[in-house]
Amino acid sequence: MRDWGEAVPTTEVVKLYGAAWSVYVRIVRLALEEKQVKYDLVEVDVFAETGVPQEHLKRHPFGRIPAFEHGHFHLYETGAIVGYIDDAFPGCKLQPADPRARAKVNQIVGILDAYAYRTLVWDIYVERVVSAREGRIANEHKIAAALPRAAVCLSELTRLSDDREFLIGGDVTFADLYAAPMFACFMQAPEAVSLMEGYEKLTRWWQRFAARHSMSRTAP
Ligand SMILES: N[C@@H](CCC(=O)N[C@@H](CS)C(=O)NCC(=O)O)C(=O)O
């Protein structure tokens, strides 16, 4: 058992349990890639017909992905994992030191977590793009109901971001790491075209961020 305050042994093996298609797994992978931390992605199928694998429920009692291991240190919940990665490993800092910039990053993460994920990913992307891929009929009612919520998400992200290189400031932050995997899904839906109209700042951010090495290395 480590004493708190002892340096974290960064050489221990990092394992990420999840699936490449998962938005939340990709957030953690982006953090690892941006910090240049080596890791193994261990595939877990939480939608298996037989249910969430028992060994995964030991790692994550709520049956979600990702779960994370660094040596004998275990975590789940994406916010806790990316915070640990940022604090424990050397390299670029993924959270601004300035209190107001940091608060805005946290606000954007909160919006993405609480409102945008369900709306942009499940209600629009999964319903429109994944359902067609799987030969299901889209639930038009669900999509229509999501559009005004999506508009609020996009307008708030635009208002809060500051048109520099990244969503907040001149360096990659958690705000970008959370937003990018959600945008990677949402932008595939035809609905994104009209919803993004007038949000040039956000469109420019997406074009820049989508071209990053970390994004191509984590593409599902
Ligand atoms: N609060 C969790 C959310 C993780 C989450 O929802 N992951 C999705 C995949 S992107 C999942 O495990 N879905 C399985 C399910 O809903 O049963 C976190 O921050 O890690």
Side-chain angles (χ1 to χ4, degrees), residues 7-44 46 56 59-60 62 64-98 101-114 116-117 120-121 157 160-162 164-187 202 205-206 208-220:
V8 171
T10 51
T11 50
E12 287 183 335
V13 173
V14 172
K15 281 189 187 169
L16 185 64
Y17 295 88
W21 55 261
S22 157
V23 162
Y24 281 90
V25 171
R26 196 172 187 192
I27 294 167
V28 176
R29 293 180 73 198
L30 286 174
L32 292 163
E33 293 288 344
E34 293 288 346
K35 301 273 292 193
Q36 300 190 353
V37 177
K38 286 207 175 78
Y39 66 98
D40 296 328
L41 178 64
V42 182
E43 279 288 326
V44 176
V46 284
H56 188 64
R59 292 178 209 115
H60 197 316
F62 299 95
R64 298 284 178 102
I65 47 175
F68 173 90
E69 261 174 36
H70 182 204
H72 297 293
F73 182 64
H74 304 258
L75 276 178
Y76 64 85
E77 283 306 300
T78 300
I81 299 169
V82 294
Y84 173 77
I85 292 167
D86 199 24
D87 292 338
F89 291 91
C92 60
K93 291 309 274 177
L94 300 171
Q95 302 167 87
D98 173 73
R102 200 177 178 102
K104 282 177 75 180
V105 166
N106 290 335
Q107 185 178 16
I108 289 179
V109 167
I111 290 168
L112 293 163
D113 224 358
Y117 174 60
L120 304 184
V121 177
L157 289 177
L160 291 164
S161 67
D162 42 86
R164 289 172 61 198
E165 183 68 14
F166 298 97
L167 280 179
I168 300 293
D171 297 297
V172 180
T173 70
F174 291 165
D176 305 291
L177 305 188
Y178 268 73
M182 298 188 195
F183 269 70
C185 297
F186 166 67
M187 295 301 271
L202 211 49
W205 162 80
W206 171 240
R208 281 194 305 269
F209 204 86
R212 283 183 82 74
H213 197 47
S214 59
M215 286 294 281
S216 45
R217 284 181 56 86
T218 58

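Side chains included, hydrogens not; waters and symmetry mates left out as well; all remaining heavy atoms used.
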Would you confirm whether the ring centroid of Phe73 sits within less than 6.0 angstrom of the ring centroid of Tyr84?
yes
About how many Å separate CD1 of Ile108 and CG of Leu177, when rounded to the nearest 0.5 Å?
12.0 Å
Look at the rings of Phe166 and Phe209 and say which category their plane angle falls in: under 30° parallel, 30 to 60° tilted, over 60° perpendicular.
perpendicular
Run Asp87 and Lys93 through side chain to side chain contact (heavy atoms under 4.5 Å, CB included) and show every step you take.
CA-CA 8 Å; Asp87 292 338; Lys93 291 309 274 177; 4.2 Å; yes
Atom CZ in Phe62, atom CD in Glu77: separation rounded to 0.5 Å?
7.5 Å
Using the rule given for side chain to side chain contact (heavy atoms under 4.5 Å, CB included), can you reason through Cys185 versus Val23, listing the C-alpha separation, both sets of side-chain angles and the distance that settles it, and then say yes or no?
CA-CA 8 Å; Cys185 297; Val23 162; 3.9 Å; yes
Straight-line distance of Lys38 NZ to Leu32 CG, nearest 0.5 Å:
12.5 Å
Run the side chain to side chain contact (heavy atoms under 4.5 Å, CB included) check on Thr78 and Val28 step by step: do they pass?
CA-CA 7 Å; Thr78 300; Val28 176; 3.9 Å; yes
Below 4.5 Å, heavy atoms only, C-beta onward: do Arg212 and Val172 meet side chain to side chain?
yes
Centroid-to-centroid, Phe68 to Tyr39, below 6.0 Å?
no
Check whether more than 12 heavy atoms from other residues, nucleotides or ligands sit under 6.0 Å from atom CZ of Arg208, and answer yes or no.
yes
Asp171 vs Cys92 side-chain heavy atoms within contact, under 4.5 Å
no
Check against side chain to side chain contact (heavy atoms under 4.5 Å, CB included), Asp113 and Tyr178:
CA-CA 8 Å; Asp113 224 358; Tyr178 268 73; 4.3 Å; yes
Just verifying a value: how many Å separate Gln95 CD and Asp86 CG, rounded to the nearest 0.5 Å?
4.5 Å
Side chain to side chain contact (heavy atoms under 4.5 Å, CB included) with Tyr17: which of His74, Arg59, Glu43?
Arg59
Closest heavy-atom pair and its distance - Ala19, Val44:
CB-O, 4.0 Å
Pick one: which of Val82, Ile81, Ile85 meets side chain to side chain contact (heavy atoms under 4.5 Å, CB included) with Leu75?
Ile81
Aromatic ring pairing Tyr24/Tyr117, orientation class (parallel under 30°, perpendicular over 60°, tilted between)
perpendicular
Taking every heavy atom of Thr173 against every heavy atom of Pro96, the minimum-distance pair comes out as CG2-CD, 4.0 Å
Atom of Trp206, atom of Ala180 and distance for their closest heavy-atom approach:
CZ3-O, 3.5 Å
Looking only at non-hydrogen atoms, find the nearest pair between Pro66 and His60 and report the distance.
O-CD2, 3.6 Å
Straight-line distance of Leu167 CG to Leu112 CG, nearest 0.5 Å
8.0 Å
Parallel, tilted or perpendicular: which fits the ring planes of Phe183 and Phe186, with parallel below 30° and perpendicular above 60°?
perpendicular
Does CD belonging to Glu165 count more than 12 external heavy atoms closer than 6.0 Å?
yes
Here's a test for you: under side chain to side chain donor-acceptor pair (under 3.5 Å), which of Glu34, Lys35, Arg26 qualifies with Ser214?
Glu34
If you take all heavy atoms of Glu12 and Gly71, which pair is closest and at what distance?
OE1-CA, 3.5 Å
Between Ser22 and Ile65 the two heavy atoms that sit nearest each other are CB-CD1, 3.7 Å
What distance do Leu160 atom CG and Ile168 atom CD1 have between them, rounded to the nearest 0.5 Å?
6.5 Å
Compare all side-chain heavy atoms of Phe89 with those of Leu94 and state whether any distance is below 4.5 angstrom.
no
